[in-house]
Amino acid sequence: MASTRDARAPAQDAGNKAAPNEQRLLWNPENVKDVAESVGIATLGEEGLRALSQDVEYRIGQVIAEAVRFMRLGRRTTMTVRDISLALRVLDVEPLYGYDATKPLRYGEATMGQPFFYIDDEEADFERVINGPLPKVSRDANYTVHWLAIEGVQPTVPQNPTSTEARTQDLLPKGPGANPALAALSGHDSPNFKPTVKHALSQEQILFFEKVQSALLNDSPDAEVHRLRQACLSAVTTEPGTHQLIPYYVTWIANQVTHHLDDLFVLRNMMELTHALICNENIHVAPYASSLCSPVLTCLIGWRLGAESGTDAVKEQYQLREMAASLVGQLAKNYHKSNSQIRQRLIRSCLRAFLNPSMTPQVWYGAILGTVAAGGPEAIRTLVLPNIKSFDSAILQPLGEKGEASHLDFEMVVGAIVKAIQSMCGDDIMMNGANGIVGEQETRLMKDFLGDILTERVTRLGNEELIRAVLEAMDFQ
Amino acid sequence: MSNTGPPSAGGTSGAVFTPQQAPTTTTPGPSAPSMTTTAVPPPVIPQPTTTAPSNQNLNQIVTDYLLKKGYKRTEEIFRQEVKDLDEAGRPRTQSQSPASNKVFPAGIYLSSFKHYERWVDNGIDLYKFELGKIMWPLLVYSYLRLVGQSSSLHAREFLQRCRGRFESQHTDELKALELITLSAHIRENPMAKIYLENRYVIPINKSLTGMLFHYLERELEQCGAVVLDIIQQHCRVDSVDRGPIEPFSFEAIYRRARNMDLDDVDIQEGIPGLTHRSGVANRDILENQATLKLGPLPMEGELRDDVAAELEEEDRIHPPKDGVPTLLDEFNAMHPIKKEAVDSPQRTDIPYPPSRARDVVIEMQKVRENRDRFRIEGRTGGAGPGLSVCMFTFHNHLGSFSCIDFSKDQLLVAVGTAESYIRVWSLDGKPLKSRLPPEKDLKVNNRKLIGHSAPVYTVAFSDAISTMDRALYEGQPNPETHSQLLLSCSADGQVRLWSLDLWACLCIYKGHDGPVTSLSWSPHGHYFVTGGWDKTVRVWAQDHASAQRLLVGHDTPISAVAWHPNGTYVFSASDETDKSIRMWSIANGNCVRVYTGHTDYISALECSPNGKILASADIGGNIFLWDIDKATRIKRCRGHGRGGIWSLSFGVESTVLVSGGQDNTVRVWDVEMPAEGSRPTNQQDGDGTIVAAGAQSDGKQAGSVAQSTSNTSSTGKKKGKEVMITPDQISAFATKKTPVLKVQCTRMNLVIAGGCYYPETQDRA
């Protein structure tokens, strides 16, 4: 036993030496002393006091450890009085009575040499409590339902936090091995996280595109080829999944048109393709509308389209321009909502070509058709008619006098203009057959306004309504 | 011979405390006999040879006997006498080696620890991890000895100066240690008891063992004496036949590559010198070798025939659309007939009540739901499946709801409250049906079940499924398939069974001593398992008032329980010092596996439907996935903030795991993808080069990733390294100030989540 005592001696020595340090106790020994006195122990040795304080600390720690367990079992992060009560109970200690467990306690802090905490209980006045109105009954517990996620994407409904509230970037895995597409997939993409895939086309789409290209450029007269071409176009018209291909189509069309101005076949097919794209309801062409305008305008008012001369070539050329004109109309009609510039741009281009005396008759033809298509009667009334007299004298007269060679061109241009003028009055132009003689007065006025050739043509139609419209347009001046 | 304190001799203190509950016989008597040599036993312990039964062992045997017979008094007196005898200098054979008998001066523990620590830290990196394993037991036992010899000042100083390196891994234990300041506490503190009554197992590489002991011998003066003594008294050094392991050593990487056990290596953080396992050697089964039958439970033959016949009929009446398999085919795929299934338990292992008409309908509906479910096909295109989550948010709860459960037919929800009552709502808003005649016309959509007298910690509905639209039996209504029973457990120590037809308590199961912390229905009904504060896990049958199995082995209260899907095993998790998960066989009551590795309170457990994987979550925000059979960790999923993951649920295919937690999120995890990425980079560094090398695709992508990380870290600097999210997280859905208490994957792979909305931001630690 001697050895034991010896062994303990140094330890105790050290303890005594560091006695001031020993006051690092969390629990104030004064408190223990007070309690001891209250139960009749007047003198409590220093050592005993310290031991008791340490024991108190230990017991409190035990209680807290148990209470933490019950807090976690209750799936909370705030400890309540009830947790402490339960902890005391399982430790076989008398539980605390008289503390309200329904709401978290509020603590006040006072400094009396060392920090001192107390429960901040308000004082209740009996009088007031008894006579005061009853407190409101708290609302009954209930639940609400919402979709936290639908197929992996969080819908933006009021019940879900906004992406800034949730700091969604913090919710995603980062670092090597992390999937960079997850942000986009889970519905919260952000400028921080640019899509890293350039613009991927599936193998099928590439194949499809190549088929379309080859079919449209194959000018063999074989019926089979023709059928394939038609099938391609109808596929482009109906295929819902070709959205990714639009930019490729647009670029391709532009390139082909630029480089094959002498090949009416190619140009025509490009226009067909453009038409097919516009007609496809499943894809969203609007962003590309202005890019589509350029090739269409080229086909409409190009200086020289097609190489060889000959009736067939001329006819095809006019047909191409006709087609381009209707495409212009379609573009203007379909996309002027999303692109406010598009209509003005089309009309301006056409009008400039129309009023340029150095152009060819084919250009004038296309230009007037384009103006009508893009601008409608309003454009004719306000933009074309005022200039028609000078056009008549400066262009039509010389053209008409050129003789047989340009007779067709002359007729085409005049016809187009008449058609344009006709567009000013309703749809039923053709139905209102000739129904009367145009008065001298009107003829004179019209001649002043339209010029001889056109006046003659227009009056020959014998459409009273039309003449009235023209005269009104004159008045509009 | 003052009896104020326990014997101060360090050498004997272990011997004094241990006998009251003798450790399993595999460990040698923790005292004298093993020190046959002077000073240092040669590389101590490969196979500790048991010496002839000494007095010590004899005493133990007697104590054991007395304990077993319940002669507690006698046992105590006997122990006292033995102790006195020992103290009084009873002839101690030749075992009085200087090392064990020596009482070390108080200061030497600190200097020894520091000396040893310095040696380890200055040694080569490869060995740091392994040699560091000694340090935790060294700290614990040194401290306990210091307290034991009443030098509390030294003890405190020792703990203050040495605890730093364990702060992250042994938080709870350090807290518990800190509390122990008087020698009297040692005798009653549960943690101290666990450590003193068991040997701490330290597996160390073979060659290092030699090196370690040679070093200790060499430095006997500076630290060897203390360390050796502690090792001899309290530890068991297992030399293992493998290369030295260290988070980035060849061995670790090699093992990781082959998906083997990492042996508690924490790769991601790379903190050297931690042992994940709590290390305490109360492991009656250390080998984790027992054969398991993890296959599904075969269906009862008669029931099977009935269901098959009815399904055939159903297929005839409502032929499935093209491309959809018939119900019968689906059924056969779900329950293939295997005559001799090796991995499946026998139906005779566990008795079940005979099946009823209700079971037929339920099985039929299960087949239908399984066929028509939303299929989760692995990880397509690297993004993972998009799950739908339906969220139920509770309002005006005054912070008292502690648990939520949804019935499996999605018709009812129950919450247990701290105010001791249970409340059940109908989810479709229709009035709750009651069988009681006076309540026939009562139209209420919620009910309170009152009976418990303390906070309710878990509620659980019995199995249910939506009912059939066709009358199965002529002239009779279809059997009810809704949830008819509700179980609840509470801090008052009771488990109650409630009828949802009568809205009354049917039965009280008493047995647990102290609060019942968690509860779970068997997947096949009839049985349920409870875990209690009294450290026991109990398995009950619905029709018996007392527990059918009493599973004892955990060192601290149970925090979570779960069933294996075939109904023949249960899992339980314990908190504080233990922090292990145990797997128990219901058939014989044995503990068949122990899973160790958590360092925080385990708040949820769930077993995958395929029966191969166990998921466990702790309040530190970690989810561990375990290979059930090998008892090894598959991976760790991180992403949840601290505060607790309250619920886990697997998808039907076992390929995704859904979790919900205190951090107001529901997260979806990929079970199949390895969490640790392709290489063991230290991600906290955010090193651009590593990221570039690690990303599989083009450099631009890697660049943008690096950029985005740096962006976020600069914006949210205050939470710099708070949570690292592993790449196997498929998605995370945030709620509005609503901690998620329950997530549940339905049989058709819809996720249902429940939580309580807290209008004011509550202070979350």
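Order of the sequence lines fixes the chain letters, A, B, ..., with proteins taken first and strands second; residue numbering starts at 1 for each chain.
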>> Tell me if a side-chain donor or acceptor on A:Arg82 pairs with a main-chain N or O of B:Ala418 at a distance below 3.5 Å.
In response: yes
>> Taking A:Pro158's backbone N and O only, do any of them form a donor-acceptor pair with B:Lys736's side chain (distance below 3.5 Å, no angle check)?
In response: yes
Less than 4.5 Å apart, any side-chain heavy atom of [X] and any of [Y]?
| X | Y | result |
| --- | --- | --- |
| A:Tyr58 | B:Ile180 | yes |
| A:Arg72 | B:Ile619 | yes |
| B:Cys390 | A:Val145 | yes |
| A:Leu148 | B:Thr735 | yes |

>> Heavy-atom cut-off 4.5 Å, strictly under: side chain, backbone, both or neither for A:Gln62 against chain B?
In response: both
> For A:Leu73, is it the side chain, the backbone, both, or neither that has a heavy atom closer than 4.5 Å to a heavy atom of chain B?
Replying inline: both
Report the option among [options] that has the most heavy-atom pairs separated by less than 4.5 Å from atoms of chain A.
| options | value |
| --- | --- |
| B:Phe392, B:Trp533, B:Phe394, B:Phe401 | B:Trp533 |
| B:Glu178, B:His185, B:His397 | B:His185 |
| B:Leu146, B:Leu427, B:Thr458 | B:Leu427 |

Taking all non-hydrogen atoms of both residues into account, name the closest pair between [X] and [Y] and its distance.
| X | Y | answer |
| --- | --- | --- |
| A:Asp140 | B:Asn396 | O-ND2, 3.1 Å |
| B:Thr556 | A:Arg69 | CB-NH2, 4.5 Å |
| A:Val153 | B:Phe733 | N-CE2, 4.5 Å |
| B:Ala734 | A:Pro161 | O-CD, 3.2 Å |
| B:Val389 | A:Trp147 | O-CE3, 3.4 Å |
| A:Glu151 | B:Phe374 | OE2-CE1, 4.2 Å |

Drop me the distance from [X]'s [atom1] to [Y]'s [atom2], to the nearest 0.5 angstrom.
| X | Y | atom1 | atom2 | value |
| --- | --- | --- | --- | --- |
| A:Tyr143 | B:Asn446 | OH | CG | 9.0 Å |
| A:Ile150 | B:Leu387 | CD1 | CG | 12.5 Å |
| B:Ser647 | A:Arg75 | OG | CZ | 8.0 Å |
| B:Leu179 | A:Gln54 | CG | CD | 12.0 Å |
| A:Asn142 | B:Thr393 | CG | OG1 | 10.5 Å |
| B:Met391 | A:Thr144 | CE | OG1 | 8.5 Å |

> Under 30°, 30 to 60°, or over 60°: which ring-plane class applies to A:Phe70 and B:Tyr457, parallel, tilted or perpendicular?
Replying inline: parallel
>> Pair A:Arg89, B:Asp492 - check salt bridge (charged side-chain N to carboxylate O under 4.0 Å, His left out), show working.
In response: CA-CA 10 Å; A:Arg89 191 164 295 177; B:Asp492 59 8; over 6 Å; no
> Counting heavy-atom pairs under 4.5 Å to chain B, which of A:Ile64, A:Asp55, A:Leu86, A:Val68 comes out on top?
Replying inline: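 The option with the most such pairs is A:Asp55.
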> Which one of A:Ala65, A:Ser85, A:Ala51 has the most heavy-atom pairs closer than 4.5 Å to chain B?
Replying inline: A:Ala51
> Under a 4.5 Å heavy-atom cut-off, does chain A meet the side chain of B:Thr181, its backbone, both or neither?
Replying inline: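 Contact with chain A is through both the backbone and side chain of B:Thr181.
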>> Please classify the contact between B:Asp534 and chain A as side chain, backbone, both or neither, with a heavy-atom cut-off of under 4.5 Å.
In response: neither
> Should we count CD of A:Glu109 as having more than 12 external heavy atoms under 6.0 Å?
Replying inline: yes
